[in-house]
Amino acid sequence: VRASGAERLVRHLHKHGVPIAIASGSSQTSYDLKTTNHREFMKLFSHKVLSSSDPEVRAGKPAPDVFLVCARRFPDTPDPSKCLVFEDAPLGVEAAVAAGMQSVMVPDPRTDKKLTENATLVLSTLEDFKPELFGLPAFDA
């Protein structure tokens, strides 16, 4: 399921050569079910790491493993501080912080505000994301 603004953001980052990947707590079965109608879109991501089925991921979120493994699999193996995580769940934000990464959280509106405090930025929708705030190419006007 794609959040509002996600497709625009992913296509924009891909167009500008910004490496993007998926780090998820989903199982392979759940991931396949969620992405089955979006196969072309999913090709825009360089790789995916599914914490429940990847042998390199020793612990799930809030442990940082899934994000650290995902970062190591980029060809340039970026320092975690250069990675930006998009999350909807408090445990995912905790994992990003533990990995030393910045995070943009788009929480469910019913999420307790205290559970969003560790995110670098909290938005109600990805449509409000401004890539340039994180040193990324700005959206075309």
* Please examine the side chains of Lys43 and His38, heavy atoms only from C-beta on, and report whether any two atoms are closer than 4.5 Å. => no
* Asked: Can you find a pair of side-chain heavy atoms, one from Ser24 and one from Val49, that are under 4.5 Å apart?
  -> no
Which distance, rounded to the nearest 0.5 Å, do you find between the [atom1] of [X] and the [atom2] of [Y]?
{"X": "Thr116", "Y": "Glu87", "atom1": "OG1", "atom2": "CD", "result": "13.0 Å"}
{"X": "Met42", "Y": "Lys34", "atom1": "CE", "atom2": "NZ", "result": "10.5 Å"}
{"X": "Lys61", "Y": "Leu91", "atom1": "NZ", "atom2": "CG", "result": "8.5 Å"}
{"X": "Leu121", "Y": "Ser103", "atom1": "CG", "atom2": "OG", "result": "8.5 Å"}
{"X": "Met105", "Y": "Asp88", "atom1": "CE", "atom2": "CG", "result": "7.0 Å"}
{"X": "Leu50", "Y": "Ile22", "atom1": "CG", "atom2": "CD1", "result": "8.0 Å"}

Non-hydrogen atoms of [X] and [Y] that approach each other most closely:
{"X": "Ala98", "Y": "Pro64", "result": "C-CB, 3.7 Å"}
{"X": "Asn118", "Y": "Val93", "result": "C-CG1, 3.7 Å"}
{"X": "Ser51", "Y": "Gly25", "result": "OG-CA, 3.2 Å"}

* Give the intermediate values and the outcome of side-chain contact (heavy atoms from CB on, under 4.5 Å) for residues Val10 and Leu13. => CA-CA 5 Å; Val10 168; Leu13 295 175; 5.9 Å; no
Return all side-chain donor-acceptor pairs below 3.5 angstrom for residues 126-141, not counting sequence neighbours, or 'none' if the list is empty.
from   : atom 1 : to    : atom 2 : distance (Å)
Glu127 : OE2    : Ser4  : OG     : 2.3
Asp140 : OD2    : Lys15 : NZ     : 2.6

Does the [X] side chain pair with the main chain of [Y], one donor and one acceptor, at a distance under 3.5 Å?
{"X": "Thr36", "Y": "Leu33", "result": "no"}
{"X": "Thr120", "Y": "Val104", "result": "no"}
{"X": "Thr35", "Y": "Tyr31", "result": "yes"}

Donor-acceptor list for residues 65-78 side chains, cut-off 3.5 Å, not counting sequence neighbours:
from  : atom 1 : to    : atom 2 : distance (Å)
Asp65 : OD2    : Arg58 : N      : 3.2
Asp65 : OD2    : Ala59 : N      : 3.0
Arg73 : NH1    : Asp54 : OD2    : 2.7
Arg73 : NH2    : Asp54 : OD1    : 3.0
Arg73 : NH2    : Asp54 : OD2    : 3.0
Arg73 : NH2    : Glu56 : OE2    : 2.8

* Asked: Hey, is Lys114 close enough to Glu117 for a salt bridge, meaning N to O under 4.0 Å?
  -> no
* Might you work through the side-chain contact (heavy atoms from CB on, under 4.5 Å) test for Lys48 and Gln28, ending with a clear yes or no? => CA-CA 10 Å; Lys48 71 178 185 303; Gln28 186 68 55; 3.9 Å; yes
* **Worked check of side-chain contact (heavy atoms from CB on, under 4.5 Å) between Leu9 and Arg11** => CA-CA 6 Å; Leu9 174 60; Arg11 291 190 184 284; over 6 Å; no
* Going hydrophobic residue to hydrophobic residue with side-chain gaps under 4.5 angstrom, can you get from Leu115 over to Leu123? ->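 Different clusters: Leu115 never reaches Leu123 through Ile, Leu, Val, Met, Phe, Trp or Tyr contacts under 4.5 Å.
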* Asked: Any link between Phe41 and Val106 through a network of hydrophobic side chains (Ile, Leu, Val, Met, Phe, Trp, Tyr) touching at under 4.5 Å?
  ->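 Yes, Phe41 and Val106 fall within the same hydrophobic cluster.
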* Asked: Given Ser52 and Ser27, is the side-chain contact (heavy atoms from CB on, under 4.5 Å) satisfied, shown in steps?
  -> CA-CA 5 Å; Ser52 63; Ser27 67; 3.6 Å; yes
